[in-house]
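Accompanying notes for the structure given below.
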Amino acid sequence: MKLTIVALSTPGSVAVAAMTAVRNAKKLYLQTARHPSVKWILDERLPYESMDVLYEQARSFAALNAAIADKLTAGAVDAVFAV
């Protein structure tokens, strides 16, 4: 499994390489669906899974980071994590 991490940056300034990686992702994870730059992902109706539920459930940042790492490494398919 290959994990690619891309920056969503600010609206209107997402790098072309990041957009390409997101569009071509076999599995797309978003750090949060509440990020302002997620609008274009929604507009293009790209399937994704956000980590928002993990944020809501975590009791600490250490627990959150461990849960996100577990989620990202659980699959056998190449994935993109957009932060």
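- Here the shortest heavy-atom pairing between S50 and A33 reads CB-N, 3.8 Å.
- Distance check, rounded to the nearest 0.5 Å: NZ of K26 to NZ of K2 gives 9.0 Å.
- Panel note: side chain T10, backbone S13; no donor-acceptor pair is recorded below 3.5 Å.
- In this structure, the separation between CG on L46 and CG on L30 is 9.5 Å, given to the nearest 0.5 Å.
- Under the 4.5 Å side-chain heavy-atom criterion for Ile, Leu, Val, Met, Phe, Trp and Tyr, I68 and Y29 are members of the same hydrophobic cluster.
- Here the straight-line distance linking atom CZ of F81 with atom CG of L8 works out to 9.5 Å at 0.5 Å rounding.
- Within a 6.0 Å sphere centred on NZ of K71, heavy atoms belonging to other residues, nucleotides or ligands number 12 at most.
- Residues passing the side-chain contact (heavy atoms from CB on, under 4.5 Å) test with M19 are V14, R23, W40, sequence neighbours excluded.
- The two atoms that bring M51 and Q31 nearest to each other are CB-O, 3.3 Å, heavy atoms only.
- I5 and V38 fall into different hydrophobic clusters, defined by Ile, Leu, Val, Met, Phe, Trp and Tyr side-chain heavy atoms under 4.5 Å apart, directly or through other members.
- We find the CG-CD distance between L72 and E49 to be 9.5 Å, quoted to the nearest 0.5 Å.
- Contact between P11 and S37 at its shortest, heavy atoms only, is N-OG, 3.0 Å.
- Interatomic distance, CE of M1 versus CG of D78, reported as 7.5 Å (0.5 Å rounding).
- The two atoms that bring A82 and V22 nearest to each other are CB-CG2, 4.4 Å, heavy atoms only.
- L28 and V16 are members of different hydrophobic clusters when ILVMFWY side chains are connected at heavy-atom separations under 4.5 Å.
- Remark: Y48 OH to I41 CD1 distance equals 8.5 Å, nearest 0.5 Å.
- Residues A69 and T73 approach most closely at O-OG1, 2.8 Å, considering heavy atoms.
- Using a distance-only test at 3.5 Å, with no hydrogens or angles considered, a donor-acceptor pair links the side chain of H35 to the main chain of S9.
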